[in-house]
Number of protein chains: 2
Amino acid sequence: MSNLDQTRVASRSTETTRAALIKAATSVFAEYGYGGGSVRLITQRAMANQAAVNYHFGGKDGLYREVLIEATRAFEENAFLDTEELDSLSPEDALRRYLHQFLLPLVKRDRVSRYLHIFAWESVRPSEVFSAFVAHSPPRIFLLAERVVRRFLPRDASAETVTFAMLWLAQQPMFFVRDAERLAQPPFSLKFDEDALERLVDTLATLSLRGLAGV
Amino acid sequence: MSNLDQTRVASRSTETTRAALIKAATSVFAEYGYGGGSVRLITQRAMANQAAVNYHFGGKDGLYREVLIEATRAFEENAFLDTEELDSLSPEDALRRYLHQFLLPLVKRDRVSRYLHIFAWESVRPSEVFSAFVAHSPPRIFLLAERVVRRFLPRDASAETVTFAMLWLAQQPMFFVRDAERLAQPPFSLKFDEDALERLVDTLATLSLRGLAGV
DNA sequence: CCGAAATTCAAACGGTCGTTTGAAGCGAAA
DNA sequence: TTTCGCTTCAAACGACCGTTTGAATTTCGG
């Protein structure tokens with residue numbers, strides 16, 4: 001091997017620890033938010049030492065930044081929701097696809113679900129890390145929502161109207177995902193199995209398309 | 001005076017301290033949530049001693065409970081939004097009235113605005129105090145929202161559909177109130193003066209009434 | 001196998017949190 | 001004026017927080 005090839009060879013142990021910390025941090029931050037999630041709980045779940053966070057990521061904020069990078073990458077994967085796919089559908093189907101995709105965390109406790117929970121936390125009290133992170137690239141959920149509503153709004157709609165409608169649509173699924181646990185308890189007692197999810201998509205799509213007067 | 005009359009005469013100082021603490025706690029909890037608001041900041045704003053919270057309210061949670069009682073009382077005052085007034089209006093006007101009333105905190109920094117902020121916080125991570133508080137009486141914003149949507153939905157609509165629609169409507173204004181500060185900054189840069197508020201009510205009412213396809 | 005670099009580890013640091021403590025201040029009845 | 005109960009106060013307590021420290025351990029090229 002030449003010297004150039006071994007500029008920095010990360011040991012397997014390093015990557016293992018880093019990955020375990022990022023995975024644990026994702027679940028902890030999704031559960032308690034950035035401020036509410038503690039380094040001690042993260043390292044405990046990752047079965048790592050407390051100091052490992054500072055050693056590998058420079059601190060709690062560095063670890064969180066890494067989680068946000070992973071989250072962004074996951075959302076940018078075409079597998080989740082492609083902008084071209086949205087454009088290929090009719091406006092109505094694009095709306096239903098959008099709602100369905102962002103309501104999926106209700107029934108699936110997967111990686112994307114945890115990312116959505118993190119974004120839901122940030123929508124209440126944005127951390128400085130997150131603010132800096134999205135300063136120059138708005139979260140994908142907003143970009144996709146804008147793409148959907150633009151299909152419906154007239155061309156001469158004001159920028160403010162587009163923003164209002166975009167925010168209006170984007171926060172509809174986010175609410176149900178964020179408050180799922182609370183809605184599962186009295187007095188609402190909503191259990192979200194796959195059938196209930198379909199009915200929710202139906203209801204929201206109808207309301208978003210035709211409004212209350214069109215139900 | 002008989003002995004019965006002077007069972008317990010609260011000194012003026014007691015009520016002054018209590019009121020100052022409740023007022024300060026309302027603004028602090030509205031700003032940072034229950035978990036994020038500290039007793040030290042509250043007592044500092046109330047110009048009281050730290051121990052006063054425990055002396056007068058038994059602890060941080062007791063003080064918060066008092067704030068919630070005040071908030072509930074404020075919402076139950078007819079001055080805010082009367083159920084009979086809602087019923088006297090046409091469904092469309094009732095909807096607009098509902099939206100306008102719960103979007104008012106965008107331009108007014110009054111007492112009700114702070115209460116709405118507290119409820120917005122609780123919608124993310126409910127404190128035990130709040131959960132116990134509303135266990136047997138759902139927040140008024142939900143009751144009013146249900147009253148509005150029932151005017152539109154068919155009589156044979158399922159309970160689940162009514163709940164979906166009610167939640168859908170209730171969280172629309174809450175989102176803008178909760179995220180007002182964030183929406184005021186880039187990339188959204190929404191400034192909510194009275195005119196913008198009217199335009200937002202217009203947009204939301206149109207979307208809620210006729211949906212995206214009806215804009 | 002050796003030695004240097006990378007990584008892990010237990011312990012401690014300084015800070016903020018809610019709460020407790022016991023003395024000091026205060027107002028009104030005796 | 002003395003006394004007594006209510007209220008205030010500065011200080012401290014224990015718990016948890018993110019971070020730092022310096023030694024122990026592991027890793028791996030030479």
Side-chain angles (χ1 to χ4, degrees), chain A residues 1-25 28-29 31-67 121 125 127-130, chain B residues 1-25 28-29 31-67 121 125 127-130:
Chain A
M1 281 186 178
S2 73
N3 285 335
L4 289 175
D5 288 335
Q6 35 181 297
T7 46
R8 190 150 300 245
V9 177
S11 70
R12 199 179 73 87
S13 186
T14 295
E15 276 311 310
T16 303
T17 303
R18 280 182 57 101
L21 284 174
I22 291 178
K23 183 178 177 183
V28 168
F29 289 143
E31 208 166 332
Y32 302 101
Y34 176 66
S38 75
V39 171
R40 279 173 174 79
L41 179 56
I42 292 170
T43 53
Q44 182 180 324
R45 288 194 186 178
M47 289 190 292
N49 189 269
Q50 290 182 29
V53 168
N54 290 274
Y55 178 78
H56 287 285
F57 301 97
K60 184 187 183 185
D61 57 345
L63 173 56
Y64 188 51
R65 201 171 295 115
E66 216 65 29
V67 171
W121 273 106
R125 178 144 289 255
S127 64
E128 293 183 11
V129 179
F130 185 82
Chain B
M1 280 188 178
S2 71
N3 285 335
L4 291 176
D5 288 335
Q6 35 181 301
T7 46
R8 192 153 298 247
V9 178
S11 71
R12 198 179 73 88
S13 186
T14 295
E15 276 311 310
T16 303
T17 303
R18 279 182 58 100
L21 283 174
I22 291 177
K23 182 177 177 183
V28 168
F29 289 142
E31 209 166 328
Y32 303 101
Y34 176 66
S38 75
V39 171
R40 280 171 174 81
L41 179 57
I42 292 171
T43 53
Q44 182 180 323
R45 287 195 187 178
M47 289 190 292
N49 189 271
Q50 290 182 28
V53 169
N54 291 275
Y55 178 78
H56 288 284
F57 301 96
K60 185 187 182 184
D61 56 346
L63 173 56
Y64 187 52
R65 201 172 294 115
E66 216 66 31
V67 171
W121 273 106
R125 177 143 288 255
S127 64
E128 294 183 10
V129 179
F130 184 82

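Quick note on labels: first sequence line is chain A, next is B, and so on, each numbered from 1.
- Atom NE2 of A:H56 and atom CD of A:E66 lie 12.0 Å apart (nearest 0.5 Å).
- In this structure, A:M47 places its CE atom 19 Å from C1' of C:dA10, rounding to the nearest Å.
- Distance, B:L63 CG to C:dG18 C1': 12 Å, rounded to whole Å.
- In terms of position along DNA chain D, the nucleotide closest to B:Q50 lies nearer the 5' end than the nucleotide closest to the other residue of the pair B:Q50 and A:Y34.
- Taking every heavy atom of both residues into account, A:I42 and A:L21 meet most closely at CG2-O, 3.9 Å.
- Comparing B:D61 and A:A48 against DNA chain C, the residue whose closest nucleotide sits nearer the 5' end is A:A48.
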Problem set entry | Steps toward side-chain contact (heavy atoms from CB on, under 4.5 Å) verdict (B:T43, B:N49) | CA-CA 6 Å; B:T43 53; B:N49 189 271; over 6 Å; no
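- In this view, A:Y34 and A:F29, A:Y64 satisfy the ring-ring contact (aromatic ring centres under 6.0 Å, His included) rule, not counting sequence neighbours.
- Between atom OH of residue B:Y32 and atom OG of residue B:S38 there is a gap of 9.0 Å, rounded to the nearest 0.5 Å.
- A straight line from CD1 of B:I42 to P of C:dT19 spans 10 Å, rounded to a whole angstrom.
- For C:dA6, neither phosphate oxygen OP1 nor OP2 lies less than 4.0 angstrom from any side-chain nitrogen or oxygen of A:H56.
- If you take CZ of A:F29 and P of D:dC17, they are 12 Å apart, rounded to a whole angstrom.
- Put simply, A:T14 has no side-chain N or O that comes within less than 4.0 Å of OP1 or OP2 on C:dA6.
- Among the heavy atoms of the strands lying under 4.0 Å from A:G37 are primed sugar atoms or P, OP1, OP2 only; no base atom is included.
- Atom P of nucleotide D:dT19 and atom CG of A:L41 are separated by 15 Å, given to the nearest angstrom.
- Here the OH-CZ distance, from A:Y55 to A:R18, works out to 11.0 Å after rounding to the nearest 0.5 Å.
- Rounded to an integer number of Å, the gap from A:Y55 OH to C:dA10 C1' is 17 Å.
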For nucleotides 21-28 of chain C, list the nitrogen or oxygen atoms of the protein found under 3.5 Å from its nitrogen or oxygen atoms, one pair per line.
none

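- Between the CD1 atom in A:I22 and the OG1 atom in A:T17 there is a gap of 11.0 Å [rounded to 0.5 Å].
- The listed nucleotides are D:dT19, C:dT19, C:dT8; the one nearest the side chain of B:N54 is C:dT19.
- Whole-Å rounding puts the A:R40 CZ to C:dG15 C1' distance at 12 Å.
- One finds no side-chain N or O of B:S38 lying less than 4.0 angstrom from the OP1 or OP2 phosphate oxygen of C:dT16.
- Remark: C1' of D:dT8 and CZ of B:R18 are 16 Å apart, rounded to the nearest angstrom.
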